[in-house]
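Quick notes on the structure that follows.
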Amino acid sequence: MGYAVAADLTARFGEPEIIQLTDRDGFGVVDAARVNQVLAEADAEIDGYLAKRYSLPLASVPPLLTRLACDIARETLYTDAPTDTVKDRAATARKILRDIATGLVELG
């Protein structure tokens, strides 16, 4: 089970942005394979932070992890030059994950 799905990413950032970031062929649609790839990469990164404190996979996904997965995946989709906002959100996500890993933040 992943921490986020394509619908989460689209709901959070809007379909136009996700199309712009994934539509390499110019069809005007979200490239689902690309979205699934970056979400899987975000899942692997998150698992790296959680593995020492939690038994994986988690029984259920806390909404916090869905948000963090989306922020990390979005940054990955910006292959050339992520905006400052995109970089800041991903950096904040990683800080929260470090805090979870060290026990400063608990998953609900």
Side-chain angles (χ1 to χ4, degrees):
M1 168 177 45
Y3 298 109
V5 296
D8 296 319
L9 195 64
T10 301
R12 189 166 297 280
F13 303 116
E15 188 174 40
E17 180 177 349
I18 305 307
I19 290 171
Q20 178 186 5
L21 294 171
T22 65
D23 183 22
R24 296 177 180 167
D25 298 322
F27 296 132
V29 296
V30 171
D31 180 341
R34 177 72 177 133
V35 168
N36 290 334
Q37 176 188 1
V38 299
L39 288 170
E41 291 170 8
D43 289 349
E45 185 173 341
I46 291 169
D47 282 348
Y49 286 99
L50 299 182
K52 288 188 178 182
R53 292 191 46 85
Y54 296 93
S55 177
L56 299 177
L58 298 175
S60 64
V61 177
L64 172 63
L65 292 182
T66 299
R67 178 174 62 89
L68 301 180
C70 287
D71 286 341
I72 292 168
R74 182 186 189 202
E75 182 188 47
T76 303
L77 286 173
Y78 276 83
T79 55
D80 291 331
T83 66
D84 287 342
T85 300
V86 170
K87 289 188 288 189
D88 290 347
R89 287 178 71 129
T92 298
R94 289 181 179 102
K95 181 191 179 312
I96 292 168
L97 288 167
R98 282 191 299 277
D99 288 347
I100 291 169
T102 61
L104 290 173
V105 174
E106 289 287 328
L107 294 178

Backbone N or O of I19 within a donor-acceptor pair of the D23 side chain at under 3.5 Å?
no
Determine whether a donor-acceptor pair (N or O, by modelled atom type, separation under 3.5 Å) exists between the side chain of R53 and the backbone of I100.
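Here the side-chain-to-backbone pair exists.
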Under 4.5 Å between any side-chain heavy atoms of [X] and [Y], yes or no?
| X | Y | answer |
| --- | --- | --- |
| V35 | I18 | yes |
| D84 | K87 | yes |
| R12 | R74 | no |

Gap separating the [atom1] atom of [X] from the [atom2] atom of [Y], nearest 0.5 angstrom:
| X | Y | atom1 | atom2 | result |
| --- | --- | --- | --- | --- |
| Q37 | D31 | CD | CG | 9.0 Å |
| L65 | C70 | CG | SG | 11.0 Å |
| L104 | I96 | CG | CD1 | 12.0 Å |
| R94 | D99 | CZ | CG | 14.5 Å |
| F13 | D71 | CZ | CG | 4.5 Å |

Do [X] and [Y] share a hydrophobic cluster, counting only Ile, Leu, Val, Met, Phe, Trp and Tyr and linking them when any side-chain heavy atoms are less than 4.5 Å apart?
| X | Y | result |
| --- | --- | --- |
| I72 | Y54 | yes |
| Y78 | L68 | no |
| I46 | L39 | no |
| L58 | V105 | yes |
| L97 | Y3 | yes |

For E41, look at atom CD and say whether over 12 heavy atoms of other residues, nucleotides or ligands are found less than 6.0 Å away.
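More than 12 within 6.0 Å, yes.
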Which atoms form the tightest heavy-atom contact between D43 and G2, and what is the distance?
OD2-CA, 3.2 Å
Can you see which heavy atom on P62 is nearest to which on S60, and at what distance?
CD-O, 3.3 Å
V5, V61, L9 screened by side chain to side chain contact (heavy atoms under 4.5 Å, CB included) with T66, the one that passes:
V61
